[in-house]
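Contents: one structure, followed by commentary.
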Amino acid sequence: MAFPSRRRRRSCSLHAILLFCFLFLIGLSFAEEASHDGDSPKFPGCDHPYNLVKVKNWANGVEGETFAGITARFGAFLPKEEKNSYRLTAVFSNPLNGCSPSSSKVLTTLSLAYVSFILLLIELILSHYFQGNLSGSIAMAVRGGCDFTTKAEVAQSGGAAALLVINDKEELAEMGCEKGTSAQDISIPAVLIPKSGGQSLNKSVVDGQKVELLFYAPVRPPVDLSVIFLWIMAVGTVVCASVWSEIAASEETNERYNELSPKVNVHSYFLQETSNASAFKDDTEKEVIDINVKSAIVFVITASAFLLLLYFFMSSWFVWLLIVLFCIGGIEGMHNCITTVILRICRNCGRKKLNLPLFGETSLFSLLVLICCVVFATAWAINRQASYSWAGQDILGICLMITVLQVARLPNIKVATVLLCCAFVYDIFWVFLSPIIFHQSVMIAVARGDNSGGETIPMLLRIPRFADEWGGYDMIGFGDILFPGLLVSFAFRYDKANKKGIANGYFLWLTIGYGVGLFLTYLGLYLMDGHGQPALLYLVPCTLGLCILLGLVRGELKDLWHYSSEDASSRASSGLA
């Protein structure tokens, strides 16, 4: 019979997906930090919060790319709306580092670390496009040579309306005050932009164009509408994966029934059905991986090792490897979900077979779906930097997680307690405690994609922040869906095997607990001013804790703790007898 062999081939690939997903799971939820108020010291007159700034620029009246900048601890506050700001001419300071009103120390006051950047501006001086009059203009200065407050004081004494500092790196450094300095007399705003922004402005000035700039600092909303959609996606994925077996079982039962001869008598029918059901049961068991205590502990150790590997050796090729693996898993997951749903609706779609080299007998319908899934994943990978790529990533990710939750199972609450408690400690340590050892949060650094050449790890669901003028995404990691999802799926199977209703079962309450845990995660994100949060800190107590509490109250904790699928099968058999 062709059906079992087809399922055995699929079983191998599904196990590969599970291995891929668990080994490359990051488990981070909300990695994006809305706050930039760092740990630099605060003094009287130098205690302003760091705010993101939009730097709009025009060259000869033609608007160019808008740069992202950051304000200083000192100086005047910027308007929050563009309409309240002013468009001013930008002028390079003389000297370029803006440390003194004299040009006699241009290279002697700069450290050698910044000479390479000065060479990029030398053409400006030689071409006589240098403008030393700062009155009423925005003074542009390169970083280095003196502290930030000195640059601001020199620019202000020259009549500048604002100061723009060009960093020597592609990051937004914090402009604080040196200990013992006073910035109370600085009344102009100071903004820092990355090196690439300075190079773009320099090119416009060297080409003889008039450069104008406009600064404003829009407020980033603490909560965005996208959070609601992300919450729905996460909870919906867990619920859908839990009840997916009902859809798949219906399709499998119908497919087995159609393979039986309609002309057999009642006795032979039941014999054949029993034989087919037994064969199917044996084959299905090969597709399922029951997680045990040992594998739960090994996983957390493996995940930690892989996280450190990413942290120390993160590069664009490494992320590309993860993207390829994600696409392979997403293709298999998407193929599984589509074929299951369509064959559930139209049982005859999978009847036509093809005999292909290497693959053997294959359903034509399954092959066509596979080709479509490959095209979809390839299109996403090619356009992954596009503004709309989040939708494709979410579709592939949801299908992958639904499929993984069909393959991996928690046999009882004992294993669930070990796995989720280990994941609980794992999440908290790598988000909150790792800075003690590594001087920054390892998990946030990995999820942010530091040193990845602009690439981001795809193992998360994300939705753009629609109401945020700064853009960005709200995100949740696969681990924060899969770990609780394993427990919720177990609750669904337990309720079904023990014929429990909605109210007196565990599935509904754990689903509600998962939703509440996600809400608490967002609340923690808001209270922590946008800093990355370990979602399992909230999700584990709201799911595992609730399950144990309900088991204690109902007197079923012992059964939940030692429960096994074999016990459920024996109960079902005795009930039928």
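None of the values given here were measured: they were computed from a predicted structure.
- With contacts defined as side-chain heavy-atom distances shorter than 4.5 Å, the pair Met175/Val165 qualifies.
- The backbone N or O of Trp380 lies less than 3.5 Å from no partner atom in the side chain of Gln393, so there is not a single donor-acceptor pair.
- Aromatic pair Phe299/Phe483: ring centres closer than 6.0 Å.
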Fill in: Steps toward side-chain hydrogen bond (donor to acceptor under 3.5 Å, both in side chains) verdict (Trp430, Ser441)
CA-CA 6 Å; Trp430 291 114; Ser441 173; over 6 Å; no

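- A side-chain donor-acceptor contact under 3.5 Å links Asn292 to the backbone of Ser295.
- Using a 4.5 Å heavy-atom threshold, the side chains of Leu213 and Phe215 count as touching.
- Between the CH2 atom of Trp317 and the CD1 atom of Ile323 there is a distance of 13.0 Å, given to the nearest 0.5 Å.
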Practice prompt. Before giving the answer on side chain to side chain contact (heavy atoms under 4.5 Å, CB included), spell out for Thr511 and Val238 the whole-Å C-alpha distance, their side-chain angles and the decisive distance to 0.1 Å.
Written response: CA-CA 8 Å; Thr511 301; Val238 169; 5.6 Å; no

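- Arg344 and Thr339 share no donor-acceptor pair across their side chains, judged by distance under 3.5 Å alone.
- Within 6.0 Å of CZ on Phe438 lie more than 12 heavy atoms contributed by other residues, nucleotides or ligands.
- Among residues two or more places apart in sequence or in another chain, the side-chain hydrogen bond (donor to acceptor under 3.5 Å, both in side chains) test is passed with Asp468 by Arg220, Arg465.
- Distance check, rounded to the nearest 0.5 Å: CG of Asp427 to CG of Leu536 gives 4.0 Å.
- Checked against Met443 for a side chain to side chain contact (heavy atoms under 4.5 Å, CB included), the options Tyr311, Tyr426, Phe432 give a single hit: Tyr426.
- Residues satisfying the salt bridge (charged side-chain N to carboxylate O under 4.0 Å, His left out) criterion with Lys56, sequence neighbours excluded, are Glu63, Glu82.
- For residues 309-326, no residue pair satisfies the salt bridge (charged side-chain N to carboxylate O under 4.0 Å, His left out) rule, not counting sequence neighbours.
- A donor-acceptor contact shorter than 3.5 Å is absent between the side chain of Ser489 and the backbone of Leu486.
- The salt bridge (charged side-chain N to carboxylate O under 4.0 Å, His left out) search around Glu469 returns none, not counting sequence neighbours.
- Surrounding CD1 of Ile437 are more than 12 heavy atoms belonging to other residues, nucleotides or ligands, all under 6.0 Å away.
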Discussion item. Apply side chain to side chain contact (heavy atoms under 4.5 Å, CB included) to residues Asn84 and Lys80 and explain how you reach the verdict.
Written reply: CA-CA 8 Å; Asn84 296 328; Lys80 297 178 181 178; over 6 Å; no

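- Remark: Gln406 CD to Ile402 CD1 distance equals 7.5 Å, nearest 0.5 Å.
- In this structure, Pro218 and Trp470 have side chains that are in contact, with non-hydrogen atoms separated by less than 4.5 Å.
- Smallest separation of non-hydrogen atoms from Leu230 and Leu461: CD1-O, 4.0 Å.
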Scan the side chains in residues 546-557 for donor-acceptor partners under 3.5 Å anywhere in the protein, sequence neighbours excluded, and list what turns up.
unit_1, atom_1, unit_2, atom_2, d
Arg554, NH1, Asn504, O, 2.9
Arg554, NH1, Gly505, O, 2.8
Arg554, NH2, Ala503, O, 3.3
Arg554, NH2, Gly505, O, 3.2
Glu556, OE1, Lys500, NZ, 3.4
Glu556, OE1, Tyr506, OH, 2.4
Glu556, OE2, Lys500, NZ, 2.7

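- A search for side-chain hydrogen bond (donor to acceptor under 3.5 Å, both in side chains) contacts involving Thr237 returns nothing, not counting sequence neighbours.
- Looking only at side-chain heavy atoms (C-beta outward), Leu310 and Leu322 come within less than 4.5 Å of each other.
- The line from CG of Leu518 to CG of Leu523 is 12.5 Å long, rounded to the nearest 0.5 Å.
- Side-chain atoms of Glu174 do not come within 3.5 Å of backbone N or O of Tyr50 as any donor-acceptor pair.
- Around the CZ atom of Phe229, the shell of radius 6.0 Å holds no more than 12 heavy atoms that belong to other residues, nucleotides or ligands.
- The line from SG of Cys373 to CD1 of Ile395 is 11.0 Å long, rounded to the nearest 0.5 Å.
- Listed here is the closest heavy atom pair of Asp224 and Ala467: OD1-N, 2.7 Å.
- When the side-chain hydrogen bond (donor to acceptor under 3.5 Å, both in side chains) test is applied to Ser200, no partner is found at least two apart in sequence or on another chain.
- For residues 382-398, the salt bridge (charged side-chain N to carboxylate O under 4.0 Å, His left out) pairs, not counting sequence neighbours, are Arg384-Glu455.
- Looking at heavy atoms from C-beta onward, Phe507 lies out of side-chain contact with Ile512 at the 4.5 angstrom threshold.
- Taking the side chain as every heavy atom from C-beta outward, Val415 and Asn412 approach each other to under 4.5 Å.
- With sequence neighbours excluded, no residue forms a ring pair (Phe, Tyr, Trp, His ring centres under 6.0 Å) with Phe424.
- The minimum heavy-atom distance between Ala173 and Leu192, with the atom names listed, is N-CD2, 3.5 Å.
- Defined by atom type and a distance below 3.5 Å, a donor-acceptor pair is present between the side-chain atoms of Ser196 and Glu170.
- The aromatic rings of Phe490 and Tyr494 sit tilted relative to each other, their planes meeting at an angle between 30° and 60°.
- No hydrogens or angles considered: nothing links the side chains of His48 and Thr71 as a donor-acceptor pair under 3.5 Å.
- Residue pairs meeting the salt bridge (charged side-chain N to carboxylate O under 4.0 Å, His left out) criterion with at least one partner in residues 539-548, sequence neighbours excluded, do not occur; the list is empty.
- With hydrogens and angles left out, the side-chain atoms of Asp474 and Ser226 include a donor and acceptor closer than 3.5 Å.
- Considering only heavy atoms from C-beta on, Thr66 stays 4.5 Å or farther from Val55 through its side chain.
- The closest donor-acceptor contact from the side chain of His335 to the backbone of Ser366 lies under 3.5 Å.
- Residues Leu520 and Cys542 have side chains in contact (heavy-atom distance under 4.5 Å, counting atoms from C-beta outward).
- For Tyr514, the ring pair (Phe, Tyr, Trp, His ring centres under 6.0 Å) criterion is met by no residue, not counting sequence neighbours.
- Under the ring pair (Phe, Tyr, Trp, His ring centres under 6.0 Å) criterion, Phe519 pairs with no residue at all, not counting sequence neighbours.
- For the residue pair Ser85 and Tyr216, the shortest heavy atom distance occurs at CB-CB, 4.4 Å.
- Here the rule is side chain to side chain contact (heavy atoms under 4.5 Å, CB included) with Leu400, and of Leu396, Val404, Ile398 only Val404 fits it.
- The two residues Val442 and Ser434 make their nearest non-hydrogen contact at N-OG, 3.0 Å.
- Contact record, Leu544 with Cys421: CD2-SG, 4.2 Å, taken as the closest heavy-atom pair.
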